[in-house]
Amino acid sequence: MKTLFKQREALLSILIVVMTLAVATITADFISLANLVIVYNDTAILIILALGQMLVIITRCIDLSVAANLAFTAMVVSMLNSQFPEIPVVFLLIIGALLGMCLGMINGLLVWKLGIPAIVVTLGTMSIYRGAVFLLSDGKWVNAHEMSESFIDIPRYVLLGLPLMAWLSILMIAVMYYFSRYQRTGREIFAAGNSPVAAFYCGMDVGKLQFKAFTISGLLAGLCGYLWASRYAVAYVDVAAGFELQVIAACVIGGISIMGGVGTVLGCVLGALFLGVINNALPVIGISPFWQMAISGAVIVIAVVVNTRAEQGHTRIILKKATLKAA
Amino acid sequence: MTQSTPFFSLRGICKSFPGVKALDDVQLDLYPGEVTALIGENGAGKSTLVKTVTGIYQPESGQLMLEGEPLILSSPDKAREHGITAIHQETVLFDELSVTENIFAGHYLRKGFFSTLDWPTMHKRAQQILESIDAPLSANTLLKHLSIGQRHMVAIARALSFDARVVILDEPTAALSHHETQELYAIVNKLKQAGCAILFISHKFDEIFSIADRFTVFRDGKYIDSGVISEVDESQLVKMMVGRSVDQIYPKVTVALGEEVLKAENLSHPTEFDDISFSLKRGEILGFYGLVGAGRTELMQGLFGVNELMTGRVSIEGQTVSIKSPAQAIAQGIVYVPEERQAQGAILDLPIYQNIGLPQLSKVNTNGWLSNYAEYQMADKFAHRLSVKAPNWLEKVENLSGGNQQKVVIAKWLATLPKVLILDEPTKGIDIGSKAAVHAFMSELVEQGLSVIMVSSELPEVMGMADRIIVMHEGLNVCQLNRDEFTAERIVSAATNGRQESA
């Protein structure tokens, strides 16, 4: 268990629990089971997106286009639903995921084949995908009354105490854990991020691995496109505007090194949960949304400082007596 | 033991880079169960050859043959499939991953319908391989917690994990201690017995003579000669390498020492070095010898104000000074030419003249405008003095050879008119010709009244150039020797054992 919970994850878990309990001293309802389910369900989309973003960051890239990708797929599945309500929701979910995957592949190809830095590529595609939503919808909204009942209800269907959307995010966590630990591509993504040169010498194609990471990130963003449209029962141009920053923040707080190569699925999930708890707790204790942003920001800076400090701890010790002291 | 048919051979290999013909019609033969030493100066094309043989570079012409069959290595993957593997000079591995994963990265063992990675089996195999080479390591350890010697063990274990038949060792002992080197020899002998064809690249002749069966010499990207090691001696090999015999490599001049310039008392650091005291006179070259990781570089960085945690007293010309940053060190006349030339010494993207002018832009910044002309003039003076070889000083530093890059870094500091020049491994990774130029220049500088501190891991260099040597071991000053007390045995035993033995 000790090896499973690295120091950092343990610290984050404790922080999340402490924070939750602290809020509970003000509003006891906060730690009721029903409310905790709400908080988790509310964080489900962030968790799924952060899992995809994690892979991209691990390969020393960044995906700024996830929220725009989400907005585009949200609009496509919503319009499909309002035009053809007879299409089963499962198909819409698959269509959204595949569409998102294609958008992710565009990012990946630009990074892989043209060698453009990821931050530039996704800054560009972020605007393009967002613009595409406008072209597609002509600026119009798809509102709740235009959506079919099943479109809105299915993610809310409660199974064993949890809504389907929460179950879906748990499934994604499990799949990502398996992928990052027991699949060749998953391990290679970590290796390539840790040392691209060594990865090349081992016969890996670093660019192709980055492409794969973007593809997965896009797929998950597409999946979330439907989830978002259903959860908020609306689709419009500015859906999830700026949400990519929350996603990246979740990764950074969770200990995913922005320099690549370092990070765990558990850390990533905890990072997202941490933000989820803050986002849900602050309104409860009556703090304005503007403070929420400032607090999230401060937490990110602190997380980065903690990360750098942790990395400094590994410097070489030359003196024998200092080694003894350290041991 | 000499077999007549080579296992792996190259014929007529050519490889060019913009402006350089790195390999020009070279050949090489490796025999099963034998070690072939590849010998050549820096820039002779050894590294390019390694990369060609391991599928990282594609040659423009020529042929590779494995067991008499022509072979095309289009990627590192292909080389590995044919059992060709290299252990690179600076181990190219993954810091954040476990030993097991470093061994199996790129050829993970998988099982089942989903090709799930089989970690239990990989851990077991890794541990077996490590035991087979007597490496006392746990396969679960993260690589970043290992020493350089242990990392080499991992690299070798990796080579063994896919039944390597051709093993290339590219300067494997460069950063190893004496003990670790012996362990490496034992492993190489095991590989030999297993029938591997081994290519061993090294600058150290004692190593070549103790481990190699055959040799091949390259010079300036061309094949010069090859043969059986027992039939040649060192001076013949040196002649082949440089194309001439090298008599006077160390142009040491005896300078009358002046007054004390620098005095360091009880320099200490919580984790890196402890209680180091020494003094430096005008016109003196003080050598710091020790193994890699003995704390020499850390001490020099302390003197230069980079190492914040250093305590102790430093005086310049009798005045106690406080040096908390490089800017203060430079102001006091102490300059430091770092070991990591490319990372810490020069800004590779900038032209030569801007690199030289960098530490003193204020001198060329009259009335608020930087004068490129004045900067160029200043650079011109010092670049000429060090005979930097470049078409002009507008050339980017990255386009220069290692030796010339080093000259630019030294020129940059000389332009600040320092009192004490600290050179950290000044000739590491540069060819013999440039080495001689750097040494000659050191002599010239001390004649002009400068004092030099030279950190070096090359014994002939410190013995050849220094007036006095301080030997460090594990962060401590083990002994201090004057020039008439220098013997190789004393210095090496102090550096490796941390004890001073009576001569």
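Each chain gets a letter, A, B and so on, in the order the sequences are listed, and its residues count up from 1.
Residue L98(A) places its CG atom among more than 12 non-hydrogen atoms of other residues, nucleotides or ligands, all under 6.0 Å distant. Around atom CG of L114(A), more than 12 heavy atoms belonging to other residues, nucleotides or ligands sit under 6.0 Å away.
Annotation: the span from R110(B) atom CZ to R187(A) atom CZ amounts to 14.0 Å, rounded to 0.5 Å. Here the straight-line distance linking atom OG of S195(A) with atom CG of N102(B) works out to 9.0 Å at 0.5 Å rounding.
Across all non-hydrogen atoms, the minimal contact from G203(A) to D77(B) is O-OD2, 3.6 Å. The two residues N194(A) and D95(B) have their closest heavy-atom pair at OD1-N, 3.0 Å. Across all non-hydrogen atoms, the minimal contact from M204(A) to A105(B) is CE-CB, 3.9 Å. For the pair P76(B) and F200(A), the tightest heavy-atom approach, listed with the atom from each and the gap, is CG-O, 3.3 Å. Looking at every heavy atom in both residues, R181(A) comes nearest to W119(B) through O-NE1, 2.6 Å.
Y178(A) and T116(B) share a side-chain donor-acceptor pair at under 3.5 Å.
Looking at Y108(B), only its side chain comes within 4.5 Å of chain A, counting heavy atoms on both sides.
Heavy-atom pairs under 4.5 Å with chain A were tallied for E101(B), K51(B), K78(B); the largest tally goes to E101(B).
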message: Please evaluate residues Q183(A) and L117(B) with respect to the criterion side chain to side chain contact (heavy atoms under 4.5 Å, CB included), reporting the C-alpha separation (whole Å), side-chain torsions for both, the decisive distance (0.1 Å), and the verdict.
response: CA-CA 6 Å; Q183(A) 274 296 308; L117(B) 300 185; 5.6 Å; no
- prompt: Between L93(B) and Y201(A), is a side chain to side chain contact (heavy atoms under 4.5 Å, CB included) present by the stated rule, with each step listed?
  reply: CA-CA 9 Å; L93(B) 294 167; Y201(A) 279 27; over 6 Å; no
Candidate pair E96(B) and S257(A), rule side chain to side chain contact (heavy atoms under 4.5 Å, CB included), full reasoning: CA-CA 11 Å; E96(B) 295 287 343; S257(A) 168; over 6 Å; no
